[in-house]
Amino acid sequence: SKKKSNPCAELSFATGRGLRQALLNVEAEFELYAVDSQGLLLGTEAVAWDLTWELFDESGLQFAGIKIALEHIKATRCCRARYTPTRPGNYLLAIKTTVNG
């Protein structure tokens with residue numbers, strides 16, 4: 001089995017339109033990239049992903065109900081996240097990653 005690498009939180013990043021804008025009841029998406037402490041992009045198979053999503057409304061209240069699906073894309077070494085907003089408003093999405101093993 002391949003050794004799992006540790007992503008560096010300070011260098012890892014997310015990108016995509018779904019981080020900035022999403023339409024009510026329309027699927028949105030963004031990509032997550034894991035980068036190690038040497039600055040190298042890690043393949044999705046080299047990272048033990050354990051992601052927790054937290055959504056907050058404009059007043060800072062946390063709510064549930066929006067499910068986020070994660071798909072590993074080997075060709076681009078990312079994890080694609082997809083979600084569909086079901087409530088109108090501006091929200092803050094907090095992404096927490098725990099490295100296993």
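Below, each value reflects all heavy atoms present in this structure, side chains not excepted, and no hydrogens, waters or symmetry copies.
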Quick check for you: to the nearest 0.5 Å, what is the distance between Glu31 atom CD and Glu71 atom CD?
10.0 Å

Residue list, side chain to side chain contact (heavy atoms under 4.5 Å, CB included) with Ala81, at least two apart or on another chain:
Phe30, Trp53, Ile68, Leu70

Apart from Leu24 itself, what residues make up its hydrophobic cluster, given side-chain heavy atom links below 4.5 Å?
none

Please report the interatomic distance OG1(Thr76) to OH(Tyr33), rounded to the nearest 0.5 Å.
4.5 Å

Looking at Gly16, is its backbone amide N or carbonyl O close enough to the side chain of Arg20 to form a donor-acceptor pair, meaning the two atoms are under 3.5 Å apart?
yes

side-chain contact (heavy atoms from CB on, under 4.5 Å) evaluation trace for Val35 with Leu42:
CA-CA 6 Å; Val35 179; Leu42 300 172; over 6 Å; no

Any residue meeting side-chain hydrogen bond (donor to acceptor under 3.5 Å, both in side chains) with Gln21, in chain and number order, not counting sequence neighbours
Arg17

Sorted by chain and residue number, the side chain to side chain contact (heavy atoms under 4.5 Å, CB included) partners of Gln38 (sequence neighbours excluded) come out as Asp36, Leu40

For a quick test of reading the model, state the closest non-hydrogen atom pair linking Ala28 to Ala22 and the distance between them.
CB-CB, 3.7 Å

Supply the atom-to-atom distance Lys74 NZ to Cys79 SG, rounded to the nearest 0.5 angstrom.
12.0 Å

Applying salt bridge (charged side-chain N to carboxylate O under 4.0 Å, His left out) to Glu29 and not counting sequence neighbours gives Arg80, Arg82

My understanding is that a hydrophobic cluster links ILVMFWY residues whose side chain heavy atoms are under 4.5 Å apart, including indirect links. Using that, what else belongs to the cluster containing Val26?
Leu23

Report yes or no: does Ser12 contribute a side-chain atom to a donor-acceptor pair with the main-chain N or O of Pro7 at less than 3.5 Å?
no

